[in-house]
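Values in this document were obtained by computation on a predicted structure and should not be read as measured data.
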Amino acid sequence: VQLQASGGGLVQAGGSLRLSCEDSGRTFSRYHMGWFRQAPGKEREFVAAILWSGSSSVYADSVKGRFTISNDSAKNTVYLQMNSLKPEDTAVYYCAAHFSGSLAYGSSYRYWGQGTLVTVSS
């Protein structure tokens with residue numbers, strides 16, 4: 001698994017961004033996938049996760065209704081569509097491939113991408 005996250009940038013509050021995470025190792029379809037984020041001076045937190053089949057997803061309460069996770073197995077890519085962005089969404093966003101345990105815990109993930117910075121201005 002080789003994860004490459006992209007799509008971050010600077011956006012005004014209320015705007016949208018779509019993050020992408022491609023698995024160049026092409027083993028994508030075997031793993032549930034998650035997105036986490038880490039804001040400056042804060043601990044990493046769970047954002048969203050999706051089952052490898054794409055049949056179900058879970059979200060942190062802070063992003064529920066604003067963010068949508070999806071996957072495209074043909075492209076070995078998982079997406080995070082972020083709408084109605086707020087300044088508190090500013091963070092480095094990481095994608096990760098799940099190994100074992102709860103989807104909401106970072107310790108449950110084996111492989112991590114390098115992160116992409118999202119900055120939301122007020």
Side-chain angles (χ1 to χ4, degrees):
V1 177
Q2 299 176 5
L3 302 176
Q4 180 72 35
S6 62
L10 174 64
V11 62
Q12 289 187 334
S16 298
L17 280 176
R18 188 177 80 157
L19 305 184
S20 299
C21 176
E22 181 180 2
D23 173 20
S24 61
R26 300 186 180 277
T27 57
F28 173 84
S29 63
R30 304 177 186 176
Y31 295 93
H32 307 324
M33 298 294 293
W35 285 96
F36 289 75
R37 66 187 182 186
Q38 187 166 20
K42 295 187 176 182
E43 294 187 353
R44 181 180 61 195
E45 65 174 357
F46 170 75
V47 176
I50 188 167
L51 300 187
W52 68 268
S53 64
S55 61
S56 184
S57 55
V58 294
Y59 298 90
D61 288 343
S62 59
V63 307
K64 202 171 295 184
R66 300 188 298 121
F67 290 11
T68 302
I69 188 171
S70 62
N71 61 12
D72 186 337
S73 57
K75 295 183 178 180
N76 296 295
T77 301
V78 61
Y79 303 98
L80 185 67
Q81 177 67 44
M82 305 186 295
N83 299 328
S84 302
L85 282 161
K86 305 175 181 180
E88 51 264 43
D89 294 318
T90 296
V92 176
Y93 283 72
Y94 299 90
C95 61
H98 180 262
F99 172 65
S100 178
S102 170
L103 289 171
Y105 295 161
S107 58
S108 300
Y109 292 75
R110 171 174 283 179
Y111 303 103
W112 293 81
Q114 84 291 357
T116 185
L117 176 63
V118 172
T119 303
V120 184
S121 63
S122 56

Here the gap from His98 atom NE2 to Arg110 atom CZ, rounded to the nearest 0.5 Å, amounts to 11.0 Å
Shortest non-hydrogen contact from Gly115 to Val92?
-> CA-CG1, 3.8 Å
Gap between atom CG of Asn76 and atom CD of Gln4 - 0.5 Å precision | 14.0 Å
Side-chain donor/acceptor of Tyr109 to backbone N/O of Leu103, under 3.5 Å | yes
From Met82 CE over to Arg18 CZ, what is the distance, rounded to the nearest 0.5 angstrom?
-> 11.5 Å
Are the side chain of Gln114 and the backbone of Ala5 linked by a donor-acceptor contact shorter than 3.5 Å?
-> yes
Between Phe36 and the options Phe46, Tyr93, Tyr94, Tyr105, the ring pair (Phe, Tyr, Trp, His ring centres under 6.0 Å) test singles out Phe46
Is any side-chain N of the basic residue among Asp61 and Lys64 closer than 4.0 Å to the acidic one's carboxylate O?
-> yes
Side chain of His32, backbone of Trp52: donor and acceptor closer than 3.5 Å?
-> yes
So if you build clusters from Ile, Leu, Val, Met, Phe, Trp, Tyr with side-chain heavy-atom gaps below 4.5 Å, do Tyr79 and Leu85 land together?
-> no
Please check if the side chain of Asn71 supplies one atom and the backbone of Ser73 the other of a donor-acceptor pair under 3.5 Å.
-> no
Between Ile69 and the options Val63, Ile50, Leu19, Val47, the side-chain contact (heavy atoms from CB on, under 4.5 Å) test singles out Ile50
d(Glu22 CD, Thr77 OG1) to nearest 0.5 Å is 4.5 Å
Are Val11 and Phe67 connected in the hydrophobic side-chain network, where two residues link if heavy atoms are under 4.5 Å apart?
-> yes
For Gly101 and Ser108, work out which heavy atoms get closest and say how close.
-> C-OG, 3.5 Å
Could you tell me whether a side-chain N or O of Ser84 sits under 3.5 Å from a main-chain N or O of Gly14, the two making a donor and an acceptor?
-> no
Indicate the atoms forming the closest heavy-atom contact of Arg44 with Gly106, along with that distance.
-> NH2-CA, 3.8 Å
Does the Ser20 side chain pair with the main chain of Ser6, one donor and one acceptor, at a distance under 3.5 Å?
-> no
Taking Asp23 for the side chain and Gln2 for the main chain, is one N or O donor matched with an acceptor at less than 3.5 Å?
-> yes
Begin with the C-alpha distance, continue with both residues' side-chain angles, and end with the deciding distance and a verdict on side chain to side chain contact (heavy atoms under 4.5 Å, CB included) for Trp35 and Arg37.
-> CA-CA 7 Å; Trp35 285 96; Arg37 66 187 182 186; over 6 Å; no
In short, Ala97 meets Leu3 closest at the heavy-atom pair N-CD1, 3.8 Å
side-chain hydrogen bond (donor to acceptor under 3.5 Å, both in side chains) filter on Gln81, not counting sequence neighbours, yields Asn83
Give the C-alpha distance, both sets of side-chain angles, the deciding distance and a yes or no for side chain to side chain contact (heavy atoms under 4.5 Å, CB included) between Arg30 and Val1.
-> CA-CA 10 Å; Arg30 304 177 186 176; Val1 177; over 6 Å; no
Does Thr90 offer a backbone N or O that forms a donor-acceptor pair with the side chain of Thr119 under 3.5 Å?
-> no
In the single-linkage hydrophobic clustering (I, L, V, M, F, W, Y; side-chain heavy atoms under 4.5 Å), do Leu17 and Val78 co-cluster?
-> yes
